[in-house]
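Structure record follows, encoded as structure tokens.
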Amino acid sequence: MHRRTAPRLARILACAAVPMVLVAGCSDSGGGKKSESTPSAAASAKPSATPSLAAAKYPKLPDTCKALPAKTVEDLVPKVKDKAGKALTGSCFWWGLNDEKADDIQYRALNLQYNGLSSEPALGSADKRAQEFAEQQVKKAMAEDSPKDVKSQPASGIGDWASTVTTTTKDQKGVEYHNATVITRTANVVVTLKYSGAGLEGAKAPDVSDVSKDAQGAAKEAVAAVAAANKK
């Protein structure tokens, strides 16, 4: 065998003995020069890291029926039937009937709901998902109970984002209700507070602006309860 052929053949056999993996330094060049290092297939196929999403700021939600101060409930719902509230699916409900004046019987109702959103790689950050949910709640409030006189406007100074929806609705007996629903987002938590008032037996319903103002005040306290629940 030719002397120059033997080293070349040895290199070919050495490379052939290795399984199907690119090996740095193996070359079939006749001049004996080593090729530049080639990255391994495993390294080149490694996927890029997926950016991590920030965890939800508020992992805990308040006890809905204990979130509002007792005085707030009593002020908004005179002669409230159950001060502790009635726990419903995902919310708490209070109602009362002030019949001290026979010619001015007033009904009031208050409903409070909390929804907490978490970060999901396929859906987005907790705050982003909460914002989307809050906007859905606004649309829902604007269409609930076949309303009329529907208005929606921003509410400043409540959480990170807030909107107030006011409507007028009637029940099956023709009683007219003035409603104010405040939807607010504080980080990853959405607070939905609905306050309604009606005058019975011919009494006048409360002014919409008053109902809206009272609902916004209660919503601020409901938002504060979220931060308080996460300090414990």
Side-chain angles (χ1 to χ4, degrees), residues 53-78 80 82-96 108-120 123-142 144 150-167 178-197 206 208-232:
L53 296 174
K57 181 178 180 179
Y58 297 126
K60 299 179 182 178
L61 296 178
D63 183 330
T64 312
C65 288
K66 296 179 180 178
L68 295 176
K71 187 178 185 306
T72 297
V73 174
E74 292 174 2
D75 288 345
L76 268 61
V77 189
V80 59
D82 185 356
K83 293 181 180 180
K86 181 179 181 180
L88 304 176
T89 304
S91 68
C92 192
F93 179 72
W94 297 265
W95 72 277
R108 297 290 186 274
L110 180 65
N111 187 277
L112 176 62
Q113 174 183 329
Y114 287 103
N115 291 91
L117 285 297
S118 60
S119 293
E120 297 289 346
L123 300 175
S125 68
D127 286 13
K128 174 180 176 290
R129 296 184 65 212
Q131 183 63 39
E132 291 171 350
F133 182 79
E135 291 170 7
Q136 291 172 7
Q137 289 291 85
V138 171
K139 293 179 180 178
K140 179 181 177 182
M142 294 176 70
E144 208 167 38
V150 180
K151 294 181 181 179
S152 175
Q153 56 186 5
S156 61
I158 310 175
D160 297 316
W161 177 94
S163 180
T164 300
V165 176
T166 55
T167 63
H178 288 170
N179 317 288
T181 304
V182 181
I183 300 96
T184 181
R185 178 183 69 82
T186 174
N188 62 294
V189 177
V190 177
V191 181
T192 305
L193 185 144
K194 182 177 181 179
Y195 183 46
S196 302
V208 174
S209 62
D210 292 336
V211 173
S212 180
K213 181 180 178 180
D214 289 341
Q216 289 179 8
K220 288 181 181 180
E221 294 178 320
V223 167
V226 176
N230 284 271
K231 288 182 179 179
K232 297 178 182 179

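The shown structure was predicted, so the numbers you read here are calculated from the model rather than taken from an experiment.
Between the Thr184 side chain and the Trp161 main chain, a donor and an acceptor come within less than 3.5 Å of each other.
Minimum heavy-atom separation, Leu68 to Ala218: CD2-O, 3.5 Å. Contact between Ser163 and Val138 at its shortest, heavy atoms only, is CB-CG2, 4.0 Å. When all heavy atoms are compared, the tightest approach of Ala219 to Val182 is CB-CG1, 3.6 Å. Ser118 and Arg129 make their closest contact through O-NH1, 2.8 Å (heavy atoms, listed as atom of the first residue, atom of the second, distance). Closest non-hydrogen pair, Leu53 versus Ser119, comes out as CB-CB, 3.9 Å. Ala126 and Asn188 get closest at one heavy-atom pair: CB-CB, 3.6 Å.
Counting only heavy atoms from C-beta outward, the side chains of Val226 and Pro62 approach each other to under 4.5 Å. Here the side chains of Glu132 and Lys128 are in contact, with some heavy-atom distance below 4.5 Å. The side-chain heavy atoms of Asn179 and Tyr195, taken from C-beta on, include no pair separated by under 4.5 Å. The shortest distance between side-chain heavy atoms of Leu61 and Val189 falls below 4.5 Å. In this structure, the side chains of Arg108 and Pro206 come closer than 4.5 Å at one or more pairs of heavy atoms. Side-chain contact between Asp127 and Arg185 is present, with at least one heavy-atom pair separated by less than 4.5 Å.
Rounding to the nearest 0.5 Å places CG of Leu193 at 8.0 Å from CG of Leu76. Separation of atoms OG (Ser212) and NZ (Lys151) is listed at 10.5 Å; rounding is to 0.5 Å. In this structure, the separation between CD on Gln113 and CD on Gln137 is 5.5 Å, given to the nearest 0.5 Å. The NE2 atom of His178 sits 9.0 Å away from atom OG1 of Thr167, with the distance rounded to the nearest 0.5 Å. Once rounded to the nearest 0.5 Å, the distance linking CD1 of Ile183 with OG of Ser152 reads 7.0 Å.
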Enumerate, atom names and distances included, each donor-acceptor pair closer than 3.5 Å involving a side-chain atom of residues 83-96, sequence neighbours excluded.
unit_1 : atom_1 : unit_2 : atom_2 : d
Lys83  : NZ     : Glu74  : OE2    : 3.4
Ser91  : OG     : Asn111 : ND2    : 3.4
Trp94  : NE1    : Lys83  : O      : 3.2

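Counted by atom type alone, Thr164 and Gln216 present one or more donor-acceptor pairs between their side chains at under 3.5 Å. Counting only N and O atoms by type, the side chains of Gln131 and Glu135 include a donor and acceptor under 3.5 Å apart.
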Side chain to side chain contact (heavy atoms under 4.5 Å, CB included) between Thr166 and Val211, worked out = CA-CA 9 Å; Thr166 55; Val211 173; over 6 Å; no
